[in-house]
Amino acid sequence: MRLYNSLTRAPEELPPPPGPIRMYVCGPTVYQRVHVGNARPFVLGIWIKRWLERRGYEVKLVSNITDVDDRVYEASAEQRIGSRELAASASEWYRQDTGDLGLGRPDVEPLASETIPEIVALVEELLERGAAYVADGDVYFRVASHPEYGRLSGARLEEMIAQEPSELKVDQRDFALWKAQKPGEDFAWESPWGPGRPGWHIECSAMAEKFLGSEFEIHGGGNDLRFPHHENELAQSRAAGRPFARLWMHNGMLELDQEKMAKSVGNVRTLREVLDVWGREALLVYFLTGQWRKPIDFTPEAMEAAAARAEGFRNVFRDENKPLPPEAWAEFAAALDDDFNTAQALAVIHEWTDHELLRRALDVFGLASLAKQTEAPRELRALAERRERARAERDFGEADRLRGEIEDAGWEVRDVAEGFQLVPKR
RNA sequence: GGCGCCGUGGCCGAGUGGUUAGGCAGCGGCCUGCAAAGCCGCGUACAGCGGUUCGAAUCCGCUCGGCGCCUCCA
């Protein structure tokens, strides 16, 4: 199994099974409902885990929920509710919406707010090592002290400009590890530097280490996190003497009208909305059709095509099962082993008529549900049987009327060799 | 300006030197009382220019165009 590593900019072979493979995927900052774009790293992380497990690996997947952040305070002030209250309900929305993808949960989903002691300890360690400094209740990471800074994003330190300008910073390129409580912020945690809360990046360093250890195999997240979030995360952990993540996976952005879908751009479709309109299967197939590293356009046409494709798989299970030699699996496996090329894998299984093999392949992506047949209600079966009799008597007017009635109930009649089939209409 | 990614047939999208990718849509046909599903066939694509090569969508160079990051963002 090989995966493209953003840090080395080359595909890399994973250690042989059983690993273990320890994986950390950056989850969202929660202060409103997540959008479809947020679902991509979530889905990708679980898919990779599922595939690696089928390859004989032992995998531990950790995905955080960042429930402490400037934006949480801002949003809570606007909505005139407590920041902790907002964070709690937004976390719950996130769990519900991603839960409805039907892929299960990561092994651990830590909250930043429950990792404060570890965060404080890490910051103290960075201070002891001289990689950070205190300034009026804030703590900043000294970027220039870390020779590897810029390696992940490919940026040169000399060319970098301020991240969040502040008079308290020694160097404007430095970033906050801890922020002192500001007026209007309704909640803060105690720390050796006074009441406050963690900066944006430190929580991931602390949570990854808490649940995976100081060194782990894979770190994932959206491409827009490469800088500054992941660069900063890497710098903090390395400066604190941790080897940290070895392979970085950055998934491509979802685009809407040729532009990245992001809360900051304002062109978002919530996951909830997409799930309600198109359903989880179409969404998952849609993700499958694009290469995980490349951006994909989110359009009704693309979702329609994905839904049609999902229906195509359902039809295979409605047809006769024609077993294939087990070797067919190797071709599917080869596609996924090659940097998780799902578009290629999809092309391979498209030809498959073997129910069991196809179900197994779809199950990797949480799509085994496509193999399930839904039984039509008794009264519709009765109508279909009446239609059969009408057809036998060549009373096609009556037969078509009955078909119309069945269609009005949302089902489609298909005449097959053995009689008829009732299939729910898309 | 810096760093990085990418341009494949109507749309999506595989493919790192020579053989039909695949899907969706469309058209023709088989099947059907008519349909649906399925099956068969069709469209002869690789941004442009130049180079390397017996041979390039695939390698090199240039040009044009798009996108991301460099500030919050999955």
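Here is the naming used below: chain letters follow the sequence lines, and residue numbers restart at 1 for every chain.
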So which protein N/O to nucleotides 6-9 of chain B N/O distances come out below 3.5 Å?
none

(message) With a 4.0 Å cutoff (strictly under), does any side-chain N or O of A:Asn223 reach OP1 or OP2 of B:C67?
(response) no
(message) So A:Trp411 and A:Pro377, do their side chains get closer than 4.5 Å, heavy atoms only?
(response) yes
(message) Please report the distance separating the C1' of B:A56 from the corresponding atom of B:C67, rounded so that it comes out in whole Å.
(response) 26 Å
(message) Using whole Å, what does the distance between atom C1' of nucleotide B:A74 and atom CG of A:Asn64 come to?
(response) 11 Å
(message) Quick check: any donor-acceptor pair below 3.5 Å linking the side-chain of A:Arg318 to the base of B:A37?
(response) no
(message) Taking only the P atom of each, what is the distance from B:A45 to B:C40 in whole angstrom?
(response) 23 Å
(request) Take atom C1' in B:G43 and the same atom in B:G29, then report the distance between them in whole Å. (result) 16 Å
(request) Sticking with atom C1', work out how far B:G28 lies from B:G66, rounded to a whole angstrom. (result) 37 Å
(message) Over all strands shown, is A:Gly37 touching base, sugar-phosphate only, or nothing at heavy-atom distances under 4.0 angstrom?
(response) base
(message) Quick check on A:Lys425: does its NZ atom have over 12 non-hydrogen neighbours (other residues, nucleotides or ligands) under 6.0 Å away?
(response) yes
(message) Counting distance alone, no hydrogens or angles: does the base of B:G33 have a donor or acceptor under 3.5 Å from a partner atom on the side chain of A:Arg387?
(response) yes
(message) Can you measure A:Met253 atom CE to B:G66 atom P for me and round it to whole angstrom units?
(response) 21 Å
(message) Just to be sure I understand the rule, does A:Val34 reach a base, reach only the sugar-phosphate, or reach nothing, if contact means heavy atoms closer than 4.0 Å?
(response) nothing
(request) Would you mind reading off the distance between A:Phe340 atom CZ and B:A14 atom P, rounded to a whole angstrom? (result) 14 Å
(request) Before accepting this row, confirm whether a basic side-chain N of the pair A:Glu148/A:Arg238 lies closer than 4.0 Å to the acidic partner's carboxylate O. (result) yes
(message) Whole angstroms only, please: what is the CD1-C1' distance between A:Ile296 and B:C12?
(response) 11 Å
(message) Restricting to salt bridge (Lys or Arg N to Asp or Glu O under 4.0 Å), what partner residues turn up for A:Glu398, sequence neighbours left out?
(response) A:Arg386, A:Arg401
(request) Measure from the side-chain heavy atoms of A:Pro28 and tell me the nearest of B:U71, B:A36, B:A74. (result) B:A74
Measure all distances between protein nitrogen or oxygen atoms and nitrogen or oxygen atoms of nucleotides 1-3 of chain B, and list the pairs falling under 3.5 Å.
from	atom 1	to	atom 2	distance (Å)
B:G2	O3'	A:Arg156	NH2	3.3
B:G2	O2'	A:Glu159	OE1	2.8
B:C3	O2'	A:Ser153	O	3.1
B:C3	O2'	A:Gly154	O	3.3

(request) Using a cut-off of strictly less than 4.0 Å between a heavy atom of the residue and any atom of RNA chain B, enumerate the qualifying residues of residues 268-283 of chain A by number. (result) none
(message) Heavy atoms from C-beta onward define the side chain here; which of B:C70, B:A74, B:C34 lies closest to that of A:Asn251?
(response) B:A74
(message) For A:His230 together with A:His201, are the ring centres under 6.0 Å from each other?
(response) no
(message) Show me the dot-bracket string of RNA chain B, counting Watson-Crick or G-U pairs under 3.5 Å, with | for pairs to another strand and [ ] for crossing ones.
(response) (((((((..(((.....[...))).(((((.......)))))....(((((..]....))))))))))))....
(request) Check the distance between B:A74's P and A:Glu255's CD and give it to me in whole angstrom. (result) 16 Å
(message) Nearest whole Å is fine: how far is B:G4 P from A:Asp224 CG?
(response) 19 Å
(request) Only counting residues at least two apart or in another chain, list the ones meeting salt bridge (Lys or Arg N to Asp or Glu O under 4.0 Å) with A:Arg360. (result) none
(request) Please determine if A:Arg387 and A:Asp415 form a salt bridge, counting it only when a charged side-chain N lies under 4.0 Å from a carboxylate O. (result) yes
(message) Using the C1' atom as the point on both nucleotides, what is the distance between B:G23 and B:C34, in whole Å?
(response) 29 Å
(request) Could you tell me whether a side-chain N or O of A:Glu185 sits under 3.5 Å from a main-chain N or O of A:Phe187, the two making a donor and an acceptor? (result) no
(request) Return each pair, listed once, that meets ring pair (Phe, Tyr, Trp, His ring centres under 6.0 Å) where at least one residue sits in residues 289-308 of chain A; pairs must be two or more places apart or across chains. (result) A:Tyr286-A:Phe298
(message) When the C1' atoms of B:C39 and B:C64 are compared, how many Å lie between them, rounded to an integer?
(response) 45 Å
(message) I'd like to check the salt bridge (Lys or Arg N to Asp or Glu O under 4.0 Å) partners of A:Glu301; sequence neighbours left out, ordered by chain and number.
(response) none
(message) Show every ring pair (Phe, Tyr, Trp, His ring centres under 6.0 Å) that has at least one partner inside residues 71-107 of chain A, sequence neighbours left out.
(response) none
(message) Between the side chains of A:Arg71 and A:Glu74, is the shortest nitrogen-to-carboxylate-oxygen separation below 4.0 Å, so that they form an ion pair?
(response) no
(message) With a sphere of 6.0 Å drawn around CD of A:Gln373, does it hold more than 12 non-hydrogen atoms of other residues, nucleotides or ligands?
(response) yes
(request) Would you kindly check whether a donor in the side chain of A:Asp400 faces an acceptor in the base of B:G33, or vice versa, at under 3.5 angstrom? (result) yes
(request) Could you give the distance separating B:C46 and B:U16 at their C1' atoms, to the nearest angstrom? (result) 14 Å
(message) Check this for me: does any side-chain nitrogen of one of A:Arg359 and A:Asp354 sit under 4.0 Å from a carboxylate oxygen of the other?
(response) no
(message) Aromatic contact between A:Phe216 and A:Phe244, with the criterion being ring centroids under 6.0 Å apart: yes or no?
(response) yes
(message) Is it the case that atom CD in A:Glu13 sees more than 12 heavy atoms from other parts of the structure closer than 6.0 Å?
(response) yes
(message) With salt bridge (Lys or Arg N to Asp or Glu O under 4.0 Å) as the rule and sequence neighbours excluded, what pairs involving residues 28-43 of chain A come up?
(response) A:Arg33-A:Asp97
(request) Could you list the residues that satisfy salt bridge (Lys or Arg N to Asp or Glu O under 4.0 Å) with A:Arg151, not counting sequence neighbours? (result) none
(message) Can you confirm whether A:Asp136 is buried at CG, in the sense that more than 12 heavy atoms of other residues, nucleotides or ligands lie under 6.0 Å from that atom?
(response) no
(message) What's the closest nucleotide to the side chain of A:Arg394 if the choices are B:U71, B:A74, B:G33?
(response) B:G33
(message) Rounding to an integer number of angstrom, what distance separates B:A74 and B:G38 when you compare their P atoms?
(response) 39 Å
(request) Find the distance A:His201:NE2 to B:U71:C1' and express it as a whole number of Å. (result) 11 Å
(request) Give the B/S/- string for nucleotides 19-27 of chain B, one per nucleotide from 5' to 3', where a protein heavy atom under 4.0 Å of the base yields B, of only the sugar-phosphate yields S, and otherwise -. (result) --BBSS---
(message) So A:Arg414, base contact, sugar-phosphate only, or nothing? Heavy-atom distance under 4.0 Å.
(response) base
(message) Closest-nucleotide mapping onto RNA chain B: is A:Phe227 or A:Asn341 further toward the 5' terminus? I mean the 5' end.
(response) A:Asn341
(message) Reading RNA chain B from 5' onward, which residue's closest nucleotide shows up sooner: A:Asp415 or A:Asp69?
(response) A:Asp415
(message) In whole Å, I'd like the distance from the CD1 atom of A:Ile46 to the P atom of B:A74.
(response) 17 Å
(message) Need one value for A:His35: base, sugar-phosphate or nothing, where a base atom within 4.0 Å counts as base even if backbone is also close, heavy atoms only.
(response) base
